[in-house]
Number of protein chains: 2
Amino acid sequence: MCNLSNYYYFKFLVLVNITYETFHRNVIIDAVDKMEVSMTQKSSPTMKDVAREAGVSLGTVSNVINGITVRESSRRKVEEAIKKLNYQVNSYARGLKMSRTGTITLIIPTLNHPFFSELAYEIEQQAYMNSRKLILCCSNGIAEKELEYLSLATQNKTDGIIALTYSDISRQVPDNIPFVVFDRYFENQQIPRIASDNYTGGIMAVNKLYELGCRNIAFIGFHSSFPGEADKRFDGYMSACRQLKLTPCILHEPDDTPVDPAIRNFIEKNIDPKTGSTVFDGIFANTDYDACIVREVLESLNIRVPEQVQLIGFDGTKKFYAENEYYVSTICQPLKELARKCVEMVINESEEILPSLTLLPVHYASGGTTRD
Amino acid sequence: MCNLSNYYYFKFLVLVNITYETFHRNVIIDAVDKMEVSMTQKSSPTMKDVAREAGVSLGTVSNVINGITVRESSRRKVEEAIKKLNYQVNSYARGLKMSRTGTITLIIPTLNHPFFSELAYEIEQQAYMNSRKLILCCSNGIAEKELEYLSLATQNKTDGIIALTYSDISRQVPDNIPFVVFDRYFENQQIPRIASDNYTGGIMAVNKLYELGCRNIAFIGFHSSFPGEADKRFDGYMSACRQLKLTPCILHEPDDTPVDPAIRNFIEKNIDPKTGSTVFDGIFANTDYDACIVREVLESLNIRVPEQVQLIGFDGTKKFYAENEYYVSTICQPLKELARKCVEMVINESEEILPSLTLLPVHYASGGTTRD
DNA sequence: CTGTAAACTTGAAACGTTTCATGTTGTCTA
DNA sequence: TAGACAACATGAAACGTTTCAAGTTTACAG
């Protein structure tokens, strides 16, 4: 029974015209099992079958499949047999023997955010281009789930792990599984980390706002309790303010703060009663997510963006219904390149020593919340 | 060499204080291999190791691991040994023996659309809850890639396939791999299909617009050349118009038409020169994607939504920066339930005959493009 | 204390590959 | 034509599980 697909099962019922109940009697089940063997060739053909069909040995078939040189005549016979039997390698047998499985595991909080989903998408595409399968694990940022997924991954002898977690799982990663970390900053500094150049991005945002006329630039952001490269955006902001001799004006709370009220409160506190506008004329928001909320709050307070306040976010989140349009003006992370780097490093075919930190350049893109 | 992580490799170089070049001489490589064996215990412990450690037989260890009853004292010994050796099942060996791998393969066009990414997310969560791993395949809707992914999946002996494709791959699916299809309509009608109740959704949209005062309701949509349940939205629209005695007003083009110009053209053609507004006062757009573009076009023509024209889309696409807010008023597909159904049916633990079509109910949600 | 049934344990065989020492064939030289 | 070497083919062993027939222990009734 167990190996019959439902479709096939259904066909069989029709064919033999018996009821479901009768069907379950052992006698009939046996009959079915036998039929199955003769009708469909039950389990897929193996290399042995191919070898027999082609009249060569197991080793020769293996050589053909793995592209090892084989006499032309043998190769042809084997290839014909493979086609005839519709043979497919059993990658679990291969995995067992080789202890290489051709899978990469991605541990990511969620897909319900365009940044994560796009990153996951790009990583999948890169994995595909490198003939790897992608195992997707959405941890929701829950430490226990992160660990559980990790141990699943090691159990499955995955060939590499790409992680974007909210807890330090590096201690539990076996030495022999390649492991790269996106953005996050672990205790074990030897683990290769990949991120955007957030620091430069922060500087870029402030400079852009300055260039566009802002002289009073606020920072709005929420920091995770778990350290990562994204924290550098704030550092970039501070550094640029120093450079440009601007007075910082900052909302920087832990990320368990309710975002909307905090932003509203911060903005209201900074409204100049004389002008009715805010004391700042530019805002650098730590993420596009924050920037979108900032914009909504500003609009609800009848402060016009970008006329009264210009706004730059971070991430490069694109409108889902328009290729290449952004929800807000933003510093774009190079997602495709980040994905490529992650996959390349986790595969690391060259077997070189990997840099412990790889930063990729960001760029600015206008999204209507700035006057450019 | 090959099994050393880079981290470990690096440590080793430091330890032994030799140069990279020297390192590659065979002699030294051998030395390393030997060291590795003694230093880290190279490959993970196997059941045999556990059995030896616990002083029981292989079969007993297997029984403990698989929750088969075993004498209490043996169980304890085995569990201790497992902990001590940090044993983990090798799921490739298990997969080989059982020809069950614990994986579900999802073939989906992309993650760069909130509908797909949310669906993928929910399916992953369901897979996790059923102790399955999710292999993600983004085909970009390219037929060849769909087939390639499919054959990868069968080669990997996946336990089930959930597909949302733009070509009929059903013929290539082996009989013995459970297969369910999301939305799409294949030639082979025995394959279980899962979708939202698009027909009712279409009716719902029209009724809602009618309820809100519209008496002239247009349909705007683009149909794939590959048939699916989503085509029923249009049927629902037509049916509701008949019911309510409304005159249909339709833009329904193939989906390779450039969307933006088509919509602009359609709308402009339907502007009443007297009022400056459109002849229709309500629009049902086939997807939220279309609806968003419709809104942008309307706004660019200075037609106000929802004051002059009310607009309902389809899918239930939420704003990425606000839980439970929609980009447009919409008919929501029950993504979580759809995902649950897909996984449940592809696993089909009860081994029942599966319905060939499962439709799940949709519901309306306001998103600011209607006057409610 | 014995006999018997029930409960548990044992280890060889099998799953479908890859590997590799050994065997076979073919080719070229002298 | 023999000898030597290269090229290729062969199939048993191994990878780490599960399974299952056969063996051993335990519990309990008489």
Side-chain angles (χ1 to χ4, degrees), chain A residues 2-3 41-79 81-82 85-102 154-159 174 176, chain B residues 2-3 33 37 41-79 81-82 85-102 154-159 174 176:
Chain A
C2 27
N3 269 324
Q41 54 220 90
K42 189 166 166 68
S43 54
S44 353
T46 72
M47 279 177 90
K48 228 182 229 163
D49 300 322
V50 174
R52 196 183 319 113
E53 177 74 28
V56 300
S57 76
L58 223 49
T60 303
V61 177
S62 175
N63 286 341
V64 169
I65 284 167
N66 293 293
I68 292 168
T69 100
V70 152
R71 199 182 306 133
E72 190 47 33
S73 62
S74 314
R75 170 185 313 287
R76 250 208 338 280
K77 279 189 288 181
V78 170
E79 277 166 354
I82 288 179
L85 300 181
N86 191 22
Y87 167 79
Q88 291 203 129
V89 196
N90 177 324
S91 51
Y92 283 85
R94 172 179 278 177
L96 173 59
K97 198 75 210 350
M98 314 252 287
S99 42
R100 271 202 329 105
T101 59
T154 66
Q155 195 163 117
N156 281 292
K157 309 277 177 262
T158 196
D159 288 350
N176 59 342
Chain B
C2 28
N3 270 326
D33 279 344
V37 171
Q41 53 220 93
K42 189 163 167 70
S43 55
S44 355
T46 72
M47 280 177 91
K48 227 182 231 160
D49 301 322
V50 174
R52 196 184 318 112
E53 177 73 29
V56 300
S57 77
L58 223 48
T60 303
V61 176
S62 176
N63 286 342
V64 170
I65 285 168
N66 293 291
I68 291 168
T69 97
V70 150
R71 200 184 305 132
E72 189 47 35
S73 61
S74 313
R75 169 184 313 286
R76 249 209 338 281
K77 279 188 290 181
V78 170
E79 277 165 355
I82 288 179
L85 300 180
N86 191 22
Y87 167 79
Q88 292 204 126
V89 195
N90 177 323
S91 53
Y92 284 83
R94 173 180 276 177
L96 173 60
K97 197 76 207 6
M98 313 254 285
S99 44
R100 272 201 329 105
T101 58
T154 66
Q155 193 161 117
N156 282 292
K157 308 279 177 259
T158 196
D159 289 350
N176 58 343

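Here is how names work: the chains are called A, B, and so on, in the same order as the sequence lines, proteins then strands, and each is numbered from 1.
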TODO: Would you mind reading off the distance between N156(A) atom CG and dT17(D) atom P, rounded to a whole angstrom?
DONE: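 Result: 12 Å.
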
Open item on the list: Expressed as a whole number of angstroms, how long is the span from N90(A):CG to dC15(D):C1'?
Closed with: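 That distance rounds to 13 Å.
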
From the list [options], which nucleotide is the closest neighbour of the side chain of [X]?
{"X": "N63(B)", "options": "dG16(C), dT9(C), dT18(D)", "result": "dT9(C)"}
{"X": "V70(A)", "options": "dT17(C), dT26(D), dA9(D)", "result": "dA9(D)"}
{"X": "L96(B)", "options": "dT17(D), dT18(C), dC15(C)", "result": "dC15(C)"}
{"X": "M98(B)", "options": "dT17(D), dT19(D), dT18(C)", "result": "dT19(D)"}
{"X": "T46(A)", "options": "dT10(D), dA14(C), dG16(C)", "result": "dG16(C)"}
{"X": "S57(A)", "options": "dG11(C), dA9(D), dT18(D)", "result": "dA9(D)"}
{"X": "R71(A)", "options": "dT17(C), dC8(D), dT10(D)", "result": "dC8(D)"}
{"X": "S62(A)", "options": "dT18(D), dT19(C), dT17(C)", "result": "dT19(C)"}
{"X": "M47(B)", "options": "dG11(D), dT18(D), dT9(C)", "result": "dT18(D)"}
{"X": "S74(B)", "options": "dT17(C), dT9(C), dC15(D)", "result": "dT9(C)"}

- [ ] Determine the contact category for S91(A): base if any of its heavy atoms lies under 4.0 Å from a base atom, sugar-phosphate if only primed atoms, P, OP1 or OP2 are that close, otherwise nothing.
- [x]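 Nothing, no heavy atom under 4.0 Å.
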
Open item on the list: Using a 4.0 Å heavy-atom cut-off, does Q88(A) contact any base of the nucleic acid, only the sugar-phosphate backbone, or nothing at all?
Closed with: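 Sugar-phosphate, backbone atoms only, no base.
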
Task: From CZ (R94(A)) to CD (Q155(B)), nearest 0.5 Å - done: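 Going from the CZ atom of R94(A) to the CD atom of Q155(B) covers 7.5 Å.
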
Task: Approximate separation, where rounding is to 0.5 Å, of L96(A) CG and S91(A) OG - done: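 Reported value, rounded in 0.5 Å steps: 11.5 Å.
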
Open item on the list: What verdict does the side chain to side chain contact (heavy atoms under 4.5 Å, CB included) test give for N63(B) and V78(B), after you've listed the backbone C-alpha separation in whole Å, the side-chain angles of each residue and the deciding distance to 0.1 Å?
Closed with: CA-CA 10 Å; N63(B) 286 342; V78(B) 170; over 6 Å; no

TODO: Verify the contact: side-chain N or O of S99(A) to OP1 or OP2 of dC15(D), cut-off strictly under 4.0 Å; return yes or no.
DONE: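 S99(A) to dC15(D) OP1/OP2: no side-chain N or O under 4.0 Å.
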
Open item on the list: Here's a test of your reading of the structure: between S73(B) and Y87(A), which maps to the more 5' nucleotide of DNA chain C?
Closed with: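 Its nearest nucleotide lies further toward 5', so the answer is S73(B).
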
Task: 5'-most by nearest nucleotide on DNA chain C - G59(B) or A93(B) - done: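 That would be G59(B).
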
- [ ] Tell me yes or no: between the side chains of S44(B) and Q88(B), is some donor less than 3.5 Å from an acceptor?
- [x]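 The criterion, which ignores hydrogens and geometry beyond distance, is not satisfied for Q88(B) and S44(B).
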
- [ ] Start with the C-alpha gap between V70(A) and T60(A), add the side-chain angles, then the distance that decides, and say whether side chain to side chain contact (heavy atoms under 4.5 Å, CB included) holds.
- [x] CA-CA 7 Å; V70(A) 152; T60(A) 303; 4.3 Å; yes

